[in-house]
Number of protein chains: 2
Amino acid sequence: MKNRIHELRKARQISQEELAKLCGVSRQTINAIENNKYDPSLELVFSLATKLGILVDELFIYNKGR
Amino acid sequence: MKNRIHELRKARQISQEELAKLCGVSRQTINAIENNKYDPSLELVFSLATKLGILVDELFIYNKGR
DNA sequence: TATAAATGTAAAACATATTTTACATTCCAA
DNA sequence: TTGGAATGTAAAATATGTTTTACATTTATA
């Protein structure tokens with residue numbers, strides 16, 4: 001599943017490290033998610049959307065996989 | 001994280017089995033999620049919201065855990 | 001250009017999500 | 001009131017997400 005985290009994080013001028021701290025995860029987790037290594041957990045999904053000030057539905061691009 | 005799956009599924013008069021098939025997961029997965037045993041994966045989250053015709057943000061109740 | 005900050009990446013360990021099989025319980029209609 | 005459908009639950013196996021440590025590469029700036 002693709003997401004707009006990199007785009008929105010840049011727009012807000014914060015580093016992966018800072019976003020990671022805000023969300024309570026490691027920098028590598030943010031990096032992996034931005035680079036589509038895997039999808040975040042639901043908790044992290046909501047944390048990311050909240051900290052980036054956007055709806056979950058707008059942060060991720062769902063392509064009817066299932 | 002709490003959710004409104006049971007409520008919406010009932011409103012739409014479909015069984016856990018049917019919702020499971022619609023989303024491509026096992027009945028036990030739907031059951032576990034309705035009963036808060038664990039949170040669904042992001043893919044399943046979007047599948048559930050789509051099949052139930054509601055926004056992800058409206059389907060789950062986020063309580064700033066992180 | 002040199003240096004620091006930011007980002008990419010990898011392996012091991014650990015945590016969480018999902019499936020399968022199987023059985024018990026509850027609910028509802030005949 | 002019994003029988004079938006729906007739901008709850010559990011253990012084992014597998015898949016996926018996260019952390020930690022560590023190092024390499026890129027990017028920005030003094």
Side-chain angles (χ1 to χ4, degrees):
Chain A
M1 171 123 43
K2 295 198 174 173
N3 66 72
R4 299 171 53 204
I5 296 171
H6 179 85
E7 167 196 350
L8 294 165
R9 179 176 61 76
K10 283 297 187 185
R12 283 151 184 69
Q13 315 229 58
I14 60 181
S15 66
Q16 292 182 342
E17 175 93 38
E18 290 172 304
L19 182 55
K21 267 176 198 144
L22 284 174
C23 295
V25 294
S26 70
R27 177 182 65 82
Q28 286 80 345
T29 294
I30 299 296
N31 187 85
I33 293 166
E34 282 193 1
N35 290 291
N36 281 291
K37 301 297 181 189
Y38 50 74
D39 289 329
S41 67
L42 185 57
E43 279 282 343
L44 182 47
V45 160
F46 272 89
S47 183
L48 285 164
T50 299
K51 305 301 181 180
L52 290 172
I54 191 177
L55 287 179
V56 169
D57 295 270
E58 294 171 337
L59 185 53
F60 294 88
I61 294 96
Y62 176 53
N63 279 323
K64 330 187 178 305
R66 294 208 211 222
Chain B
M1 169 123 40
K2 295 200 172 170
N3 66 73
R4 298 171 52 203
I5 297 171
H6 179 85
E7 167 197 350
L8 294 165
R9 179 176 62 75
K10 283 298 185 184
R12 283 150 186 68
Q13 316 229 59
I14 59 181
S15 66
Q16 292 182 343
E17 176 92 40
E18 290 173 302
L19 182 56
K21 266 175 196 142
L22 285 174
C23 295
V25 294
S26 71
R27 175 181 68 82
Q28 286 80 347
T29 294
I30 300 297
N31 187 83
I33 293 167
E34 282 193 0
N35 290 290
N36 281 292
K37 303 297 183 189
Y38 49 73
D39 289 329
S41 66
L42 185 58
E43 278 284 343
L44 182 46
V45 160
F46 272 89
S47 183
L48 286 165
T50 299
K51 306 300 182 182
L52 290 172
I54 191 176
L55 287 179
V56 169
D57 294 87
E58 294 170 338
L59 185 52
F60 295 88
I61 294 96
Y62 176 52
N63 278 323
K64 329 187 178 305
R66 299 212 207 216

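Numbers restart at 1 for each chain; the letters A, B, ... are given by sequence-line order, proteins then strands.
Taking atom CD1 of residue Ile5(B) and atom P of nucleotide dG8(D), one finds them 13 Å apart after rounding to whole Å. Following rounding to the nearest Å, Leu48(A) (CG) and dT18(D) (C1') show an atom-to-atom distance of 13 Å. Summarising the geometry, the separation between CD on Gln13(A) and C1' on dT7(C) is reported as 17 Å, rounded to the nearest angstrom. In this structure, the CE atom of Met1(A) is 14 Å from the C1' atom of dG17(D), given to the nearest Å. The distance between atom CD of Glu7(A) and atom P of dT7(C), rounded to the nearest whole Å, is 15 Å. dA17(C) atom C1' lies 6 Å from atom OH of Tyr38(B), rounded to whole Å. Atom NZ in Lys10(B) sits roughly 10 Å away from atom P in dC27(C) (whole-Å rounding). Between the CD1 atom of Ile30(B) and the C1' atom of dT7(D) there is a distance of 13 Å, given to the nearest Å.
With respect to the salt-bridge test (charged N to carboxylate O, under 4.0 angstrom), the residues Arg9(B) and Glu34(B) qualify. Of the charged side-chain nitrogens involved, at least one lies within less than 4.0 Å of a carboxylate oxygen, so that Arg4(A) and Glu7(A) count as a salt-bridged pair.
Between dT9(D) and Lys37(B), a contact under 4.0 Å exists linking OP1 or OP2 to a side-chain N or O. Contact annotation: Ser41(B) side-chain N/O to dT18(C) OP1/OP2 distance is under 4.0 Å. For Thr29(A), a side-chain nitrogen or oxygen approaches OP1 or OP2 of dT19(D) to under 4.0 Å.
Of all nucleotides listed (dT7(C), dG17(D), dT19(C)), dG17(D) comes nearest to the side chain of Asp39(A). Taking the side chain of Arg27(A) as heavy atoms from C-beta on, and the options dT18(C), dA22(C), dC23(D), the nearest nucleotide is dC23(D). Ranking dG8(D), dT7(C), dT19(C) by closeness to the Arg9(A) side chain, first place goes to dT7(C).
Closest approach of His6(A) to Asn3(A), counting heavy atoms only: N-OD1, 4.3 Å. Nearest heavy-atom pair, Ile30(A) versus Gln16(A), reported as atom, atom and distance to 0.1 Å: CG1-O, 4.0 Å.
Where Ala32(A) and Pro40(B) each meet DNA chain C at their nearest nucleotide, the meeting point lying more 5' is that of Ala32(A). Each of Leu42(B) and Asn31(B) has a nearest nucleotide on DNA chain D; the 5'-most of these lies closest to Asn31(B).
Backbone-only contact: Ser15(A) has heavy atoms under 4.0 Å from sugar-phosphate atoms and none from a base.
A donor-acceptor contact under 3.5 angstrom links the side-chain atoms of Gln28(A) to the base of dT21(D).
Residues Ser26(B) and Thr29(B) bring a donor and an acceptor atom of their side chains to less than 3.5 Å of each other.
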